[in-house]
Amino acid sequence: MNYDVVIIGGGPSGSTAGSFLRKYGPELNVAIFEREVFPRDHIGESQLPGTCAILHEMGAWDKVERAGFPIKVGATYRWGRTAELWDFEFFPRQNFRDEPRPAKYEGQRRATAFQVDRSIYDEILLDHAAETGCQIFEGTRVLEILRDGDRVTGLKLENGDIVTGRYYLDASGHSGVLRRAMGVQVENPSSLQNIALWDYWQNADWAVEIGVGGTLIQVLSLGYGWLWFIPLGPTRTSVGLVIPAEYYKKSGKRPEQLYAEALAEDERIRSLMRNATSEGLFQTTRDWSFIAARHFGENWFLIGEAGGFADPILSAGMTISHAAGREVAFTILELERGTKDAKWLKDQFEVRQSSRIRNHIRFADYWYVANEQFADLKEYTKEIAKDVGLELTPEKAWQWLAQGGFISEDLSIGTGTFTLNALKALGDYLHEVEIESPFSKYNVFRLDLSGATWSDRARYLEGQVLDTPSYLRGDRILPVDGVFDLLLNILQRESQLPRIVDRLKQVGERFGDDFQARSNMLVTAISGLEALALDGWVKPSYDPSLPIMELKSGYFAIHWNQDPPITTSS
Ligand SMILES: Cc1cc2nc3c(=O)[nH]c(=O)nc-3n(C[C@H](O)[C@H](O)[C@H](O)COP(=O)(O)OP(=O)(O)OC[C@H]3O[C@@H](n4cnc5c(N)ncnc54)[C@H](O)[C@@H]3O)c2cc1C
């Protein structure tokens, strides 16, 4: 019972960490202790495409695909300034082609996600971790953390056995057993204090269509909360209600009653569920956002929900958890190599986790504040707004979000979940705020790195942690990598927009006949330039001797929902 790495919890973060440790460090002895015997149900079913990239890298995408989970291409919302439904798509549904399944992780499937039945999904991943060589102990609860100061010296199991390791990972989700034992405080950076109530249903309508197209999660506001409707498989659907804890207390009603009333009240859900039967697995949980004050200690790390949680409104929890599992594995592998400063590696891990969770909490706050459908929750959203220093106006909410910086540590342009263009387009659906593109009135973009400092940030690649140089200014970060590296190179020589675009086109020629790759590069670069301007790294201006160019940056698909009306009488 002595291992290199001991992982508490066999959920997605634990099995991801274990699989990556063994993939890139096959000499490591890794054990996962899971208190349940899988399969077991778990909440957190609707994913984002970022998860698929990680599944693919860890060698599990084909296995997950083989299970035939519904493919997710986006979300249908009743949220924002009108009660009309609108869709947000990662991949345009009208372009989505049904392909025989199991398919490969290529083409359109790189832009889609899954809606997963966690009882099946988590078991596939834990089995995958076992196949990579992790030792798995199911039905084995970790009872006690043995410690000496900030150092974990062992784990005591329910049967009294002691397990030791050189590194310990807390992947125990909401339980956070190691986090609590080490006395790590948690911060609640939001006033969002919601509870979730949910059940699983057989034969809800749409189930018949599952697996033959791109599905969308339904996120539908009620005046006092919101409903999720997630198809999980050919006959199974997860339907949940999220309401403020305070609303529940004041209602004086039992959770089951509130849940039944909400389902009956919403016409769309009522119609979808007219032939459905409950599996009788009704559950509730509180889902309050939090972030751990520390994410590592002398020989331990927190990953997944043990380290923090953002409100489920953005379906980002699983992406955050898988990413943490991957990054902790790369961090440990690098610590083992011993060629990089250990403190730097751990600090980078912590900064990455905590800013990723914080961004999502911030975004969730914005999402709630900007929803005018919460007729009964005006006071509640006002409080959230006040908490983050906003007056309750959608304009202020958007500006505040935009001030957070568009260039994220994940090297993506947007806020991790949404691309920059999608964020701008959301303006139309959430409220009437026009977000002006700098391309609409400027044609000169001059690099401005004044006051910026230079430091190395971690980049997680193929089992390694690389140091990527970055500029830092205030809370803004500019990684000198990928598309930003390219743009900085060009911007050091050119500032006139037509010449910048010409340079980008020249770079695009490297892709030869691969039109798709060329246009992806151009679109990302244009989006990157826009983000540089919005984040203040370039100063835009207008030169009357130059044309204004109409540049469209990035793909997004947000539009009013076009589903045929669903009625109870049909
Ligand atoms: C209401 C709600 C809705 C959500 N919806 C979504 C969504 O739509 N999309 C999304 O991406 N995310 C969603 N999430 C978040 C998602 O559930 C989590 O991000 C995800 O499950 C975290 O994975 P994890 O591996 O860190 O923890 P978990 O999945 O919770 O796994 C932890 C494992 O540790 C085990 N364990 C606990 N204690 C011990 C112990 N003492 N000894 C041994 N084993 C132990 C548990 O049995 C469990 O299997 C939602 C969360 C909530 C609360």
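Whatever order the structure lists ligands and atoms in, that order sets their numbers, starting from 1.
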Sidechain N-carboxylate O distance under 4.0 Å for R236, D117: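 Counted as a salt bridge, because a side-chain N and a carboxylate O are separated by less than 4.0 Å.
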Considering only protein heavy atoms, which is closest to [atom], and at what distance to one decimal place?
{"atom": "atom 41 (N) of ligand 1", "value": "V142 O, 3.0 Å"}
{"atom": "atom 1 (C) of ligand 1", "value": "A196 CB, 3.4 Å"}
{"atom": "atom 51 (C) of ligand 1", "value": "F309 CE1, 3.5 Å"}
{"atom": "atom 6 (C) of ligand 1", "value": "G44 CA, 3.2 Å"}
{"atom": "atom 32 (C) of ligand 1", "value": "A171 O, 3.3 Å"}

Per atom 30 (O) of ligand 1, closest listed option by heavy atom (H42, E305, K72, E34):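 Minimum heavy-atom distance to atom 30 (O) of ligand 1 goes to H42.
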Partner set under ring-ring contact (aromatic ring centres under 6.0 Å, His included) for H42, not counting sequence neighbours: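 With neighbours one apart ignored, the set is empty.
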F309: partners by ring-ring contact (aromatic ring centres under 6.0 Å, His included), with sequence neighbours left out: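 ring-ring contact (aromatic ring centres under 6.0 Å, His included) check on F309 returns nothing, list empty.
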Side chain, backbone, both or neither: the part of T140 lying under 4.0 Å from ligand 1 by heavy atom: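 Only the backbone of T140 comes within reach of ligand 1.
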Residue part near ligand 1, for V177, under 4.0 Å between non-hydrogen atoms: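 It is the side chain that touches ligand 1; the backbone stays farther off.
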Ligand 1 contacted by R118 (non-hydrogen, < 4.0 Å):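 The answer is yes: ligand 1 sits under 4.0 Å from a heavy atom of R118.
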Any donor-acceptor pair under 3.5 Å from E65 side chain to A103 backbone: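 It does hold such a pair.
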